[in-house]
Amino acid sequence: MEIGERLREARESKGLSLESLQETTKIQKRYLQAIEKNEFQVLPGKFYTRAFIREYASAVGLDPEVVMEEHKGELPTFDEESTVQYSRVQRTKKEATQKSGPSSRVLPTILTVGLIIGLIFVVWLVWQNMSGAEDANTATENGSDNEISVPENSESETSGDQGDVEGNEDGSESEETGSEDEPAPEEEEETPAEDKEEIDIQMVQEGTGSFPEHTYDVSGTTERKVTIELTGRAYMEVKAPKNGEDLVTAKEYTAEDSPISLDLGDKDELYIKTGNAPGTTVMIGENEVPYPNPEVSTQKLLLQFK
C-alpha cells in the first residue's frame, strides 16, 4: 500500500473530510489531494513534501516518524531535486552559448581595438602638453640673461623697506604674545546618548522530534515588533497568540517577500511555524532568535513577551 493511500484510509476511518483536514493542518486542499495520490511533484519542494506528510499523519492519528520510515522509498530525496536543478542550469548555459553566435566573438575584438586607439590618443595629447611646457621654460631662461638697470636711490628705498619690515615683525610678535595670553574657550560638554534597550531572549524549553517547537521568554523591550527575513522559499504560519488570529496568510513565501515586519501591539505571545528553518531568520530589534537544530527544516518558535 502506498503512503498516500494509507493516509487517505486513516483520514476516512477518522471521519475527516479534506476541508476539515485543511483547517487543522493549514495545508491547502490541493496539496492534500496530491499527497493521497502520491503526486509529490505538485508540492512546492522536498522540504514541504516531508513536512506536509508529517502534519497529515499526525492529524489522522498516525506516528509521523513510523510512516516516514516505512515509506521512505516513495519519498523524493535531496539528490533528486539537486539533479533536476543542475540539469536546468546546464540546459540554460547550453542555450545561451548557442544563441551567442559569431557576433558575440566579434564584439570584444572591436572593443579592444577601440580601447587601444583611445590609449594612443591620450599618450599623444600628454606628449604635446609636455613639449609646450619645455618651450615655455626655454623662453623664460633666455629672457633672464638681459641686463637690468637699477636706479641710484634704490638703496635708500630698500633700507626704508627693511625698517618697515622690522617694525612689522616687532608688532606681529607683540600681537602674537597678546593672543597667547587670552584664555582658550571652554569646550562644550557632550550630552550623553540615551541608553539603548537591552533585549533579553532566553530559551525556556527546547522542542524535540521531527517538527520541534521551541519556547523563548523575551524581556527588555517596550515595542513588540518582530521581523522575519527569508533567503529562500518557506511555507510559513504566524499567529498571535499561538491559537489566535493569523498575522500573515499561511502559505509559501520567497526571498522576494522579505522582510516581513510584524507589530504585536499589546499581544504577549507570537507563534511561528516554518518549513525551511535554515532559510528563515527571526529578529527582535537587532537580536536574532536562534533555531537550536539548524539541520532540521521544519521547526516552530513560541515567543513569550514579558
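Side chains are part of it too, since the values below use all heavy atoms of this structure and drop only hydrogens, waters and symmetry mates.
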* So, S210 and E65: side-chain donor and acceptor under 3.5 Å apart, yes or no? -> yes

* Basic-acidic side-chain contact under 4.0 Å: K273, E213 -> no

* Go through the side-chain N and O atoms of E36 and Y56 and say whether any donor and acceptor fall under 3.5 Å apart. => yes

* To do: Would you check, one step at a time, whether the test salt bridge (charged side-chain N to carboxylate O under 4.0 Å, His left out) holds for R8 with E12?
  => CA-CA 6 Å; R8 179 180 56 78; E12 293 176 349; 3.2 Å; yes

* Have Q205 and H214 got a donor and an acceptor in their side chains that come within less than 3.5 Å? -> no

* salt bridge (charged side-chain N to carboxylate O under 4.0 Å, His left out) partners for K300, two or more places apart -> none

* **Test item: side-chain donor near acceptor, T112 and T109, under 3.5 Å** => no

* Asked: For K29, which residues count as a salt bridge (charged side-chain N to carboxylate O under 4.0 Å, His left out) partner, sequence neighbours excluded?
  -> E19

* To do: Report the residues that fulfil salt bridge (charged side-chain N to carboxylate O under 4.0 Å, His left out) with K37, sequence neighbours left out, ordered by chain and then residue number.
  => none

* Asked: Does D268 come within less than 4.0 Å of R224, counting only side-chain N to carboxylate O?
  -> yes

* Asked: Under a single-linkage definition using a 4.5 Å side-chain heavy-atom cutoff for Ile, Leu, Val, Met, Phe, Trp and Tyr, are V67 and F40 assigned to the same hydrophobic cluster?
  -> yes

* To do: Return yes when atom CD of E256 has more than 12 non-hydrogen atoms of other residues, nucleotides or ligands closer than 6.0 Å, and no otherwise.
  => no

